[in-house]
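Report on the following structure.
As the structure is a computational prediction, the values presented were derived from the model and not from experiment.
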Amino acid sequence: MPPMSSRPQPRPASGQARPATARLTRGAPPTSGGKKTAPTSSGTPGALDTLVLGRRIRHLRTARGMTLDDLGRKIGRAASQVSMLENGHREPKLSLLSSVAEALGVPLAELLRTDPPTRRAALEVELERAVRGPLFASLGVPPVKVGKSLPSDALEALVALQAQVQRLLSENAATPEEARRANTELRSQMRDRDNYFPDLEAQARDLLKAVDHTGGPLGQRACADIAAHLGFSLHYVSDLPRSTRTVTDLKNGRVYLPQGNPGVVDARSPLLQALASHVLKHREPRDYADFLRQRVEANYLAAALMVPEDTAVPFLMEAKAERRLSVEDLRDATAVPYETAAHRFTNLATKHLDIPVHFMKVHEGGTLHKAYENDGIAFPHDPLGAVEGQVVCRQWTSRVVFTLADRFSPYYQYTDTDSGTFWCTSRVQISSSQGAFSVSVGVSFANVRWFRGRETKERRASRCPDAACCNQPPADLAARWDSHAWPSARPHSSLLAALPVGVFPGVDTTEVYEFLDRHSPTRS
């Protein structure tokens with residue numbers, strides 16, 4: 001499946017990795033000592049953590065009523081050197097640590113434990129790390145002396161404040177740039193595997209076998225059978241949270257779907273995607289890349305259920321042998337929406353037909369919504385390599401199709417580009433909430449001989465990214481209207497404001513929980 005790209009969204013907040021300081025709120029236990037590797041004072045895994053070591057030595061020394069001078073005399077070091085050791089300013093040799101352990105009457109392993117000895121010590125370590133780290137330096141905050149003279153309540157407040165500043169910086173860093181990078185990386189991974197996931201194909205095969213579906217279109221009843229097999233009942237409601245397509249009640253084994261929602265073109269897709277997330281054991285996303293990967297996997301498995309590999313591949317191989325490959329024919333044979341058929345064609349074409357392909361979903365405004373390619377076509381992209389949101393050349397099939405009066409018949413076109421000549425077929429579909437999109441599947445000129453529509457006479461030339469291709473108005477129009485036009489743009493709202501931050505971007509968690517509470521059969 002192509003990346004679930006579309007709008008760049010912030011990193012989920014509660015699913016992402018938090019700085020260690022976030023754990024040290026009032027009443028929380030100190031850092032666990034069960035970890036196998038300890039960060040150093042600079043955070044490097046696997047090395048000795050001099051800050052924790054120093055606090056352990058200080059704790060053991062004071063517990064025995066020893067002064068710095070006392071310990072220094074026992075190990076043959078000056079009191080100032082012991083102080084530096086306790087403050088984590090030096091990394092001692094093993095021989096010195098052995099001497100310290102002997103002087104304190106404890107095994108060496110006791111000094112090398114990775115957990116601070118007390119909560120106060122844990123807080124001191126966290127604040128010391130923060131003071132030495134880049135955050136304090138970047139903010140221009142003067143250093144704080146972390147010692148016994150610092151009151152515990154002030155220490156608590158400083159650590160909590162540092163954690164909150166770090167959290168806010170992390171959320172602000174989860175910009176559309178992160179989403180673009182995640183999309184670019186995911187598209188690269190999909191290209192490496194030719195957009196084919198054998199493990200997901202196998203899981204789809206097992207689920208269909210479990211409900212005795214042996215062939216033909218997967219109807220609503222078969223989808224309900226799959227849900228029942230997985231332990232879920234289906235409930236169609238009119239008050240589904242507006243920010244969701246489905247809601248799954250894992251506690252009571254229920255899947256809630258919209259009742260009479262005109263925005264749902266095919267009710268099977270959202271249901272199967274919800275079930276797929278359960279089958280794949282998805283958990284709260286760690287970050288945006290994880291969220292994106294889960295969406296792609298769920299969409300792939302849902303499509304593999306509606307267009308099974310075992311029936312689609314023989315159909316496509318026969319069509320290739322007869323040189324009549326067609327996304328429309330695959331759609332009609334499996335009774336799925338055109339976009340689902342286009343997705344499945346890209347999943348199976350390279351693996352089973354040895355045909356590299358490209359896929360595009362383009363908004364009527366000209367921006368690229370989703371994309372995949374392994375045939376060498378050069379999509380428009382930004383400096384990060386991301387293609388989502390980029391403007392597609394007006395000469396490409398995916399843009400030309402919007403200019404046609406006939407939107408029922410398939411449209412075929414050859415396009416000459418700097419990276420070669422490509423043939424493409426495209427259809428327009430309407431979204432009730434987002435307008436019209438074109439869905440296009442294409443191949444390089446070398447592979448067009450296998451497809452219906454190869455005889456088309458439609459041919460255009462694209463010189464993008466050369467601005468003279470289609471990004472500049474003709475000279476006569478410019479001469480008449482330059483400095484005399486002032487359009488009011490209609491940008492997407494996501495360009496002007498950050499999307500809500502949450503485990504699942506854009507979803508109102510409170511609204512979802514209130515919904516589940518209303519419908520829960522176990523509500524008292």
Side-chain angles (χ1 to χ4, degrees), residues 17-35 38-45 47-75 77-92 96-97 100-101 103-104 106 110-170:
R18 297 287 191 181
T21 49
R23 295 192 298 271
L24 297 175
T25 53
R26 186 177 297 275
T31 307
S32 171
K35 298 180 182 179
T40 65
S41 57
S42 60
T44 304
L48 184 66
D49 189 332
T50 57
L51 285 174
V52 173
L53 171 67
R55 260 58 181 191
R56 295 201 67 81
I57 293 174
R58 178 182 296 167
H59 173 73
L60 292 168
R61 175 180 62 79
T62 55
R64 285 154 178 74
M66 298 172 63
T67 65
L68 290 172
D69 287 325
D70 293 337
L71 181 55
R73 280 193 298 269
K74 284 180 174 289
I75 64 174
R77 295 289 193 276
S80 59
Q81 291 179 295
V82 177
S83 178
M84 290 184 64
L85 182 60
E86 291 186 348
N87 287 322
H89 291 305
R90 60 176 297 185
E91 184 171 341
L96 177 58
L97 287 181
V100 172
L104 294 173
V106 296
E110 179 68 17
L111 295 186
L112 299 178
R113 285 176 55 182
T114 58
D115 57 316
T118 64
R119 173 168 171 74
R120 164 83 190 198
L123 290 167
E124 289 181 355
V125 167
E126 295 297 342
L127 184 56
E128 189 72 51
R129 285 201 185 109
V131 170
R132 299 183 188 185
L135 178 58
F136 266 63
S138 65
L139 296 175
V141 176
V144 177
K145 182 175 177 54
V146 183
K148 61 182 180 181
S149 61
L150 184 63
S152 293
D153 56 350
L155 181 59
E156 292 264 12
L158 286 171
V159 169
L161 180 61
Q162 189 273 339
Q164 289 300 312
V165 172
Q166 185 66 61
R167 179 184 64 81
L168 291 172
L169 287 176
S170 298

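Proximity of a side-chain donor or acceptor of Asp49 to a complementary backbone N or O of Leu51 within less than 3.5 Å is detected.
Taking each heavy atom of Ile75 and Ala103 in turn, the nearest pair found is CG2-CB, 4.0 Å. In terms of heavy atoms, Gly88 sits closest to Thr50 at O-OG1, 3.2 Å. Contact between Leu97 and Pro92 at its shortest, heavy atoms only, is CD2-CG, 3.4 Å.
Between His89 atom NE2 and Glu128 atom CD the span is 6.0 Å, to the nearest 0.5 Å. Interatomic distance, CG of Leu68 versus OG of Ser80, reported as 9.5 Å (0.5 Å rounding). Between atom CG of residue Leu123 and atom CG of residue Leu155 there is a gap of 4.5 Å, rounded to the nearest 0.5 Å. With rounding to the nearest 0.5 Å, the separation of CD in Glu91 from CG in Leu53 is 9.0 Å.
Taking Gln81 as the reference, nothing meets the side chain to side chain donor-acceptor pair (under 3.5 Å) condition, with sequence neighbours excluded. Taking Asp69 as the reference, nothing meets the side chain to side chain donor-acceptor pair (under 3.5 Å) condition, with sequence neighbours excluded. Evaluation of the side chain to side chain contact (heavy atoms under 4.5 Å, CB included) rule for Thr62 yields Arg58 as partners, not counting sequence neighbours. In this structure Arg64 satisfies the side chain to side chain donor-acceptor pair (under 3.5 Å) test with no other residue, sequence neighbours excluded. Here Ala121 pairs with Arg55, Pro116, Pro117, Thr118 under the side chain to side chain contact (heavy atoms under 4.5 Å, CB included) rule; sequence neighbours left out. Here Arg61 pairs with Glu86 under the side chain to side chain donor-acceptor pair (under 3.5 Å) rule; sequence neighbours left out.
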Inset, instruction - Apply salt bridge (charged side-chain N to carboxylate O under 4.0 Å, His left out) to the pair Glu156 and Arg119, showing each step before the final yes or no. - result: CA-CA 10 Å; Glu156 292 264 12; Arg119 173 168 171 74; 3.0 Å; yes
Inset, instruction - Just do the side-chain contact (heavy atoms from CB on, under 4.5 Å) check on Leu60 and Val100 with the steps written out, would you? - result: CA-CA 10 Å; Leu60 292 168; Val100 172; over 6 Å; no
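Side-chain contact check for Arg77 versus Leu96: some heavy-atom pair is nearer than 4.5 Å. Considering only heavy atoms from C-beta on, Leu104 comes within 4.5 Å of Met66 through its side chain. Taking the side chain as every heavy atom from C-beta outward, Leu71 and Ile57 approach each other to under 4.5 Å. Side-chain contact between Val146 and Val125: absent, with no pair of heavy atoms (C-beta onward) separated by less than 4.5 Å. A heavy-atom distance below 4.5 Å is not found between the side chains of Asp115 and Val52.
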